[in-house]
Amino acid sequence: MQMIDTEKVFEYSGYKKEDFSVCLGCKICASVCTLNDIGENVNPQEILISIFLGKVLNTHPLVRLCTSCYRCTDSCPWSIRIPEVIRALKEISQKEESFGKAFRSSIKIFGRIYEPYVILKLSSVLLRKGYIKFFPKWIEYFSLHLPHFVRRD
Amino acid sequence: MVYAYYPGCSLKGSAKKLDVGIRKVFGVLGMHLEEIPDWNCCGAVEYGDASEIRSMSRKNLFKALKVSTRIIAPCPLCSKNLKESDGSGEFSILHPLDVLSLDFLMSIPAKKDLKGYVITPYYGCLLLRPKETAIKDKEIMEKVILSFGGQVAGEEIKDKCCGGNKFFVDKEIVYKLSKIVLKKSSPFIVVFCPLCHMVLKTFSEGQKVLYFTDLILYILGEKKEL
C-alpha cells in the first residue's frame with residue numbers, strides 16, 4: 001500500500017483543504033453513485049474525508065472504477081466534483097490502466113487518439129480479456145483512416 | 001452563419017457516423033461548419049491534473065480563433081472540456097443540441113414524421129451534468145420526438161451512466177450498467193455520445209441504437225429508415 005501526498009491532490013484537482021471541510025457527511029454521493037446501482041458498495045465520501053485528514057490510500061475501489069458520471073457532484077450540497085478528485089488521486093498514485101496508457105501514448109505521438117494505434121496497443125488485453133467476441137458488433141466502428149499528426153508548439 | 005467545428009478524436013474513427021450526420025444536418029439547415037485546423041485531443045477524462053486538461057482545450061480555442069469564436073463540439077466530453085477551458089467567456093462553445101432548438105427544428109420543412117415510433121432519448125451523463133457545462137434544454141429530444149408525432153419511453157434512465165469510459169477496464173461492470181439502461185429502453189434508443197453508442201450497441205439484443213442526427217435526418221427526409 002502506498003500513501004498519497006494529499007497536497008498534490010489539492011494541486012491537481014484545484015481544490016483546497018477547506019473545500020472538503022464543508023462536507024457534511026450526508027453521503028448523498030454514495031446514494032446516487034452509479035456503481036451502487038450494481039451493488040459495488042462504494043462510498044465516495046470516504047475519499048473526501050480521508051484526503052481532508054491527510055491519510056488517503058490509493059486502494060479505494062473508486063480509483064479504478066469511478067465512471068465520471070458526475071451524479072455525486074449534481075447531488076452534493078457543495079457541488080464537489082468528486083470524479084475530478086478521484087482522477088487526481090489516480091494520477092498521483094500512478095494507477096493507470098492499459099487503456100489509459102495506450103490513450104496517453106497516442107496523444108504523445110499524434111496529439112490525438114488515433115484509434116487503430118490504441119487498438120494495436122491494447123491488442124493483448126482485447127485478446128486475453130474476452131473482447132474479441134464483440135468484434136462482429138464493432139464492424140461499423142472500424143475504419144481505415146490515416147493519422148493526423150498535430151503540430152508541436 | 002459559420003461555426004468552428006471541433007469533431008474530436010472519436011468522430012474521426014469509431015463515431016464517423018456522428019461526424020457525417022452532424023455535417024449533413026448542419027448543411028441541410030444552411031449552417032456552415034468549418035473544421036478547426038490542426039485541432040488536438042481534449043484529453044477526455046484520462047488526466048488527473050485539471051490545469052493540464054484545461055491547457056489542452058485552450059490550445060483548441062486558440063486554433064479556433066482563425067475560424068470563429070462560435071464552436072460546435074458534438075462529443076459531450078469534448079464539449080464539456082472546451083467549455084471549462086474558456087475561463088473568460090470569450091467563446092461560445094455549443095453542443096449541436098444548443099443550436100438546434102425546438103422552434104428551429106419545427107420551422108424546417110419536415111418530410112417525415114415519427115408516428116408509430118416509441119423512442120428513448122438516452123442523454124447519458126455529460127450533456128446533463130455538471131450543471132455549469134450542461135445543455136440549455138434538458139428535454140429537447142423528448143420535445144422533438146413528441147412534436148413530430150412519436151412517443152417517448154424510458155425517461156427514468158435518460159441520465160443514467162452506461163459506464164462507457166470503463167469499457168476497457170472492467171467490461172462486467174459496463175455490461176451490468178448498460179443492461180439497466182437497455183431494460184427500460186424502447187426498441188429505438190437515441191444517443192449523443194460515441195461511447196454510449198458503442199456500449200449500448202455491444203450489449204443490445206435487437207434494440208436499435210441511433211445517433212440523434214439519424215433521427216433528424218430521417219425527419220428531414222435525408223434518411224430512408226430509422
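In what follows, chains carry the letters A, B, and so on, assigned in the order in which the sequence lines appear, proteins first and then strands, with residues in each chain numbered from 1.
- The structure places SG of Cys41(B) at 4.5 Å from CZ of Phe103(A), a figure rounded to the nearest 0.5 Å.
- The contact list for residues 26-34 of chain A toward chain B, using heavy atoms and a distance under 4.5 Å, reads Thr34(A) by residue number.
- Aromatic pair Phe134(A)/Phe203(B): ring centres closer than 6.0 Å.
- Between Asp159(B) and Arg71(A) there is no salt bridge, since no side-chain N of the basic residue sits under 4.0 Å from a carboxylate O of the acidic one.
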Enumerate donor-acceptor pairs with a distance under 3.5 Å from any side-chain N or O in residues 43-54 of chain B to protein atoms, sequence neighbours excluded.
| unit_1 | atom_1 | unit_2 | atom_2 | d |
| --- | --- | --- | --- | --- |
| Asp49(B) | OD1 | Ser51(B) | N | 3.1 |
| Asp49(B) | OD1 | Ser51(B) | OG | 2.9 |

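- For Leu177(B), the parts lying near chain A are the backbone and the side chain together; criterion is any non-hydrogen pair under 4.5 Å.
- Residues of residues 109-117 of chain A that come closer than 4.5 Å to chain B, counting heavy atoms only, are Gly111(A), Arg112(A), Ile113(A), Glu115(A), ordered by residue number.
- Contact check on Glu84(B) versus Arg81(A) returns a salt bridge, with a Lys/Arg side-chain nitrogen under 4.0 Å from an Asp/Glu carboxylate oxygen.
- By the 4.0 Å N-to-carboxylate-O rule, Glu205(B) lies too far from Lys137(A) to be salt-bridged with it.
- At a 4.5 Å heavy-atom cutoff, the contact between Met198(B) and chain A is made by backbone and side-chain atoms alike.
- Heavy atoms of Lys166(B) lying under 4.5 Å from chain A belong exclusively to its side chain.
- The contact between Ile180(B) and chain A is made entirely by side chain atoms (from C-beta outward), counting heavy-atom distances below 4.5 Å.
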Atom pairs and distances, side-chain donor-acceptor, residues 59-76 of chain B, under 3.5 Å, sequence neighbours left out:
| unit_1 | atom_1 | unit_2 | atom_2 | d |
| --- | --- | --- | --- | --- |
| Asn60(B) | OD1 | Asn40(B) | N | 2.8 |
| Asn60(B) | ND2 | Asn40(B) | O | 2.9 |
| Lys63(B) | NZ | Asp38(B) | O | 2.8 |
| Lys63(B) | NZ | Asn40(B) | OD1 | 2.7 |
| Ser68(B) | OG | Arg70(B) | N | 2.9 |
| Arg70(B) | NH2 | Val2(B) | O | 3.2 |

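- The side-chain heavy atoms of Phe99(A) and Phe167(B), taken from C-beta on, include no pair separated by under 4.5 Å.
- The minimum heavy-atom distance between Ser68(A) and Asn165(B), with the atom names listed, is CB-ND2, 3.9 Å.
- No other option in Cys69(A), Pro136(A), Ala88(A) has as many heavy-atom pairs under 4.5 Å with chain B as Cys69(A).
- In the model, Lys131(B) has no side-chain atom that pairs as donor or acceptor with a side-chain atom of Thr73(A) under 3.5 Å.
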